Amino acid sequence: MRDTRESRLLLVLLIAIAFALITVDIRGGQESPVDGARQAAAAVFGPVENGVAAAVDPIGNAIGAVRDSGERHTRIAALEKENAELKAELGSDDRNRNRLRELDAMLKTAGAGQYGIKGAQVIAIGAAQGFSWTVTVDVGARDGIKRDMTVLNGSGLVGRVTTVGPSTSTVLLANDPDFTVGTRMEKSDELGFATGQGDRPLLVQLLNGKAKVKPGDRLVTFGSRADKPFVPGVPVGEVVRVDPAGGGLTRNIYVRPYVGFTKLDIVGVVVQAPRSDPRDTVLPQKPKPAPTVTVTVTPPPPDGQAADGQRDQQGQNQRNQQGQDQGDPTP
């Protein structure tokens, strides 16, 4: 339609009629004069609207999903962050529980040996250059730590203090090749010297070449003069291999240390030695062996004897039955 004066007048007239109908419909309420026309239009166009809506709904849902995807992604990200934080808290709780167990075990060891200790945490490991095994702990001269003090944990001997700073100290571990400690065998009291071999068992040279020793035997520290660098009675390890006696003055055995040197965390520096040598009392109790279950098997009788016994039993059963039928007591 061309834009003419007549067309503009027609448009204004239609708009005026529309406003008039709306006014009449609003004022009429439920009794509106155009209600019948509205119902008729609904009856005609309703099915068409339903069909169009059914066809358009999936598209509308997809559009809504795209529109809401930003919010959903934000919620998922928030949930993932929350989950990560919870996992971190759980991990922290597990680590704290593990450290509490280590601390408890160390205090029990110190109590059994009557060692006065200063608790510490391993905060660094030394460089492995030159096959050196050392760690740094977070206590130093300000905490009363001095050179050549014994270091232990809940499992046993960790090492000795070699360098002391104001707030940290360096500990030479017992598995270092430059580390040597005097040892005493449990019960037999055989003396020797243990030397570190890195990640291999400790090499212990017993002073008695004819000493009787076997795998499973245990050792503790012998102690040093004035208790430096080693206090007595600290568990060292368990024998895993014994070299054959060759008639020499000494005998070599190999000992698996109780301490895991690759997973140190909580340790204690012995700042006060025990009043008396605890000897073997700090060693953990050996587990009791499980009782041996004895099963007795009775061999079956030979086939002939079994058959005779079965026939005798059957005859006895028949006699008993006959006695019951005749009213006689069963013999």
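On a predicted model such as this, the values are computed, not experimentally measured, just so you know.
- How far CG of Asp227 is from CE of Met149: 11.0 Å, rounded to the nearest 0.5 Å.
- Here the shortest heavy-atom pairing between Leu219 and Leu283 reads O-CD2, 4.2 Å.
- With Thr109 contributing its side chain and Ala105 its backbone, the two residues share a donor-acceptor pair below 3.5 Å.
- A salt bridge links Lys214 with Asp217; the closest basic N to acidic carboxylate O contact falls under 4.0 Å.
- When the options Val151, Val135, Thr262 are evaluated for a side-chain contact (heavy atoms from CB on, under 4.5 Å) with Leu173, the one that passes is Val135.
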> Do Arg184 and Asp277 pass the salt bridge (Lys or Arg N to Asp or Glu O under 4.0 Å) test, and can you show the C-alpha distance, the side-chain angles, and the key distance before you say yes or no?
Replying inline: CA-CA 12 Å; Arg184 182 199 300 273; Asp277 187 348; 3.6 Å; yes
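- Counting only distance, with no hydrogens or angles, the side chain of Thr134 and the backbone of Thr170 share no donor-acceptor pair below 3.5 Å.
- To the nearest 0.5 Å, atoms CG (Asn153) and CG (Leu264) are separated by 6.5 Å.
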>> Test salt bridge (Lys or Arg N to Asp or Glu O under 4.0 Å) on Asp280 and Lys187; report intermediate values, then the result.
In response: CA-CA 8 Å; Asp280 305 335; Lys187 296 181 180 179; over 6 Å; no
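- At most 12 heavy atoms of other shown residues, nucleotides or ligands fall within 6.0 angstrom of atom CZ in Phe193.
- With respect to Arg218 and Glu238, no salt bridge is recorded, no charged nitrogen being found less than 4.0 Å from a carboxylate O.
- Atom CD of Glu186 has more than 12 neighbouring heavy atoms from other residues, nucleotides or ligands inside a 6.0 Å radius.
- What you find for Asn175 and Trp133 is that their closest heavy atoms are ND2-CE3, 3.3 Å.
- Taking 4.5 Å as the limit, every side-chain heavy atom of Ile117 sits out of range of all side-chain heavy atoms of Val269.
- In plain terms, the two heavy atoms of Val234 and Gly156 that are nearest each other are CG1-C, 3.8 Å.
- For the pair Val181 and Thr221, the tightest heavy-atom approach, listed with the atom from each and the gap, is CG2-CG2, 3.9 Å.
- Taking hydrophobic clusters as Ile, Leu, Val, Met, Phe, Trp and Tyr residues chained together by side-chain heavy-atom distances below 4.5 Å, Leu206 shares a cluster with Leu202.
- Interatomic distance, NZ of Lys263 versus CD of Glu102, reported as 9.0 Å (0.5 Å rounding).
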> What do the steps show when you test Arg241 against Asp243 for salt bridge (Lys or Arg N to Asp or Glu O under 4.0 Å), and what is the final call?
Replying inline: CA-CA 7 Å; Arg241 183 163 66 90; Asp243 281 351; 3.3 Å; yes
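- Shown here for Phe230 and Thr180, the closest heavy-atom pair between the two residues is CE1-O, 3.4 Å.
- Of all non-hydrogen atoms in Pro232 and Phe222, the two that sit nearest each other are CB-O, 3.6 Å.
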